[in-house]
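As structure tokens, the structure follows; a few thoughts come after it.
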Number of protein chains: 2
Amino acid sequence: MEQLLSNIKITVNKNLYLIDPTSSKLGSNIISHAVDLIDEMGFEKFTFKKLGIVIDSPEASIYRYFKNKNQLLLYLVSWYWGWMEYQLVFGIANMSSSELKLQKAVELITNYKNNKMSIDGISIDKLIRIVISESSKSYLTKDVNKANKLGSYQSYKKFVSRLAIIIKEINPGYKFPNMLLSTIIEGAHLQVFFADNLPSLTNVQKSNDYICRFYTNLALQSVKSN
Amino acid sequence: MEQLLSNIKITVNKNLYLIDPTSSKLGSNIISHAVDLIDEMGFEKFTFKKLGIVIDSPEASIYRYFKNKNQLLLYLVSWYWGWMEYQLVFGIANMSSSELKLQKAVELITNYKNNKMSIDGISIDKLIRIVISESSKSYLTKDVNKANKLGSYQSYKKFVSRLAIIIKEINPGYKFPNMLLSTIIEGAHLQVFFADNLPSLTNVQKSNDYICRFYTNLALQSVKSN
DNA sequence: CAAATATAATAGTATTACTATTAATTACGC
DNA sequence: GCGTAATTAATAGTAATACTATTATATTTG
């Protein structure tokens with residue numbers, strides 16, 4: 001895996017930045033330290049001012065790369081789904097059984113461990129925590145429709161539709177593949193968050209694989225029924 | 001139902017306000033117009049300043065009732081779960097079958113129509129939309145733990161634990177009742193939002209009951225397995 | 001009716017989320 | 001290699017947000 005990494009580059013819709021942050025030192029600084037800061041202080045408390053202090057550049061320079069902090073979040077989340085799709089495609093490349101493919105996908109979605117690596121200066125570990133805690137804020141706004149028209153959720157939708165095809169292979173008559181997938185994806189994020197913060201809303205104890213088991217069962221059961 | 005309403009009062013944890021908003025005209029004005037405004041402009045754009053203008057009271061007066069807008073959101077969400085619990089208890093009062101009770105609960109969770117009524121000056125219609133779009137923001141913050149210790153999520157947790165008992169009645173060996181329930185509740189909210197805004201992430205068409213059917217199947221299937 | 005108490009209004013401040021303008025740097029044609 | 005254009009960075013703002021401290025006005029009650 002590490003070998004492959006140096007050769008890939010996750011691309012992100014051009015509407016998610018003003019200047020491609022991978023095109024300059026300042027840009028990649030913005031990204032990597034934004035990940036650090038958002039993870040550390042949460043998206044609400046995160047500001048371009050604070051980021052500017054950390055990277056020792058003025059606030060206004062960051063505004064040249066991203067319209068605002070929402071667009072930056074959108075960029076990070078989109079990057080995440082690009083990275084997930086990459087892993088999915090490689091993970092299921094040599095599988096013939098669609099059922100096993102789906103299983104693999106759920107594993108991928110619910111596996112939050114062993115990601116100590118960095119890609120393009122982005123700490124995967126921290127990015128995953130950001131996706132879990134903050135990604136829903138990227139679409140739960142009054143601007144969703146506008147953002148959607150600009151392709152801001154492309155990567156996420158692509159990931160889901162790729163999996164929907166696999167589900168259709170397992171059971172062509174299954175009526176709710178996308179619904180099932182978004183339920184699993186967002187549900188899995190939630191359970192991690194609840195396990196850490198509101199344990200009475202989940203049955204997960206830390207450091208076991210209940211989440212993976214639960215959603216794998218859910219997926220297979222649902223798809224095969226109906 | 002309408003008859004009953006005049007006699008009940010949904011109570012909310014005392015830590016969710018500074019002054020009980022139901023105790024004064026100003027207080028109930030704050031609540032009812034906050035619901036209008038948040039529904040209209042979304043939680044991010046909503047401010048106490050704007051609310052003050054609408055109710056023709058200074059911003060500072062609102063701060064006497066609620067520490068900040070997050071606390072106000074917490075109050076509304078908590079009120080919502082109190083109201084949901086009330087409906088649940090009455091809805092399943094005379095049922096003997098736990099399976100039917102669970103079915104009724106999922107119906108309640110996924111039924112977003114026919115709520116043109118107002119209680120305590122709160123438009124149920126609008127409140128439901130707020131819960132769908134904004135409620136996750138009330139816990140997806142760095143302050144969750146603090147808020148949780150103050151009992152801010154009590155009503156939600158109580159609703160979930162009440163249903164967890166029903167699930168245990170159906171299948172005492174089922175290991176993940178809370179996980180299943182939070183998946184269904186948050187998933188159902190999400191599907192409504194996606195149907196309106198990001199339709200390719202769901203399979204819901206407007207004005208059908210796919211959401212109810214999907215999550216009812218999910219619940220019954222999961223609970224009976226394992 | 002005066003004192004205590006509760007409530008409301010005024011007038012601030014620090015921070016946030018930007019933007020317009022100016023300064024510095026780099027790229028490029030001749 | 002030098003001047004001009006284009007890009008990038010830094011400065012210095014502004015309007016709005018999220019509060020808070022203080023003062024004023026009612027209301028209660030002994």
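Hydrogens, waters and symmetry mates are skipped; everything else that's a heavy atom, side chains included, is used. Here is the naming used below: chain letters follow the sequence lines, and residue numbers restart at 1 for every chain. In this text, all values refer to a predicted model and were calculated from it rather than measured experimentally.
Atom P of nucleotide D/dT17 and atom CD1 of B/I62 are separated by 13 Å, given to the nearest angstrom. Taking atom OH of residue B/Y63 and atom P of nucleotide C/dA11, one finds them 19 Å apart after rounding to whole Å. A straight line from NZ of A/K49 to C1' of D/dA12 spans 12 Å, rounded to a whole angstrom. Atom pair A/E59:CD and D/dG13:P shows a separation of 15 Å (rounding to whole Å applied). At whole-Å resolution of the value, CZ in B/F43 and C1' in D/dA18 are 12 Å apart. Distance CZ (B/F48) to P (C/dT16): 18 Å, rounded to an integer number of Å. Between the P atom of C/dT16 and the CZ atom of A/F66 lies a distance of 20 Å, rounded to the nearest Å. Atom C1' of nucleotide D/dC19 and atom CG of B/L72 are separated by 15 Å, given to the nearest angstrom.
Mapping B/I19 and B/A60 onto DNA chain C by nearest heavy atom places B/I19 closer to the 5' end of the strand.
Classified by interplanar angle (parallel below 30°, tilted 30° to 60°, perpendicular above 60°), the ring pair B/Y210/A/F176 is perpendicular. Between B/Y75 and B/Y17, the angle of the ring planes goes over 60°, which puts this pair in the perpendicular group of the 30/60° scheme.
Judged purely by atom type and a 3.5 angstrom limit, A/S182 uses its side chain to pair as donor or acceptor with the backbone of B/L201.
Distances were taken from every side-chain heavy atom of A/L26 (C-beta onward) to each of C/dA9, D/dA9, C/dC18; the shortest belongs to D/dA9. Comparing atom distances between the A/T47 side chain and each of D/dA10, C/dT16, D/dT8 picks out C/dT16 as nearest. Between C/dC18, C/dA9, C/dT7, one nucleotide has an atom nearer to the side chain of A/N68 than all others, and that is C/dC18.
A salt bridge does not link A/D120 to A/K9: none of the charged side-chain nitrogens sits closer than 4.0 Å to a carboxylate oxygen.
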Give every donor-acceptor pair under 3.5 Å between a side-chain atom in residues 57-64 of chain B and any protein atom, sequence neighbours left out.
none

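Within 4.0 Å of B/K69, counting heavy atoms only, lie sugar-phosphate atoms of the nucleic acid but no base atom. As judged by a 4.0 angstrom heavy-atom cut-off over every strand, B/K50 is placed among residues touching the sugar-phosphate backbone only.
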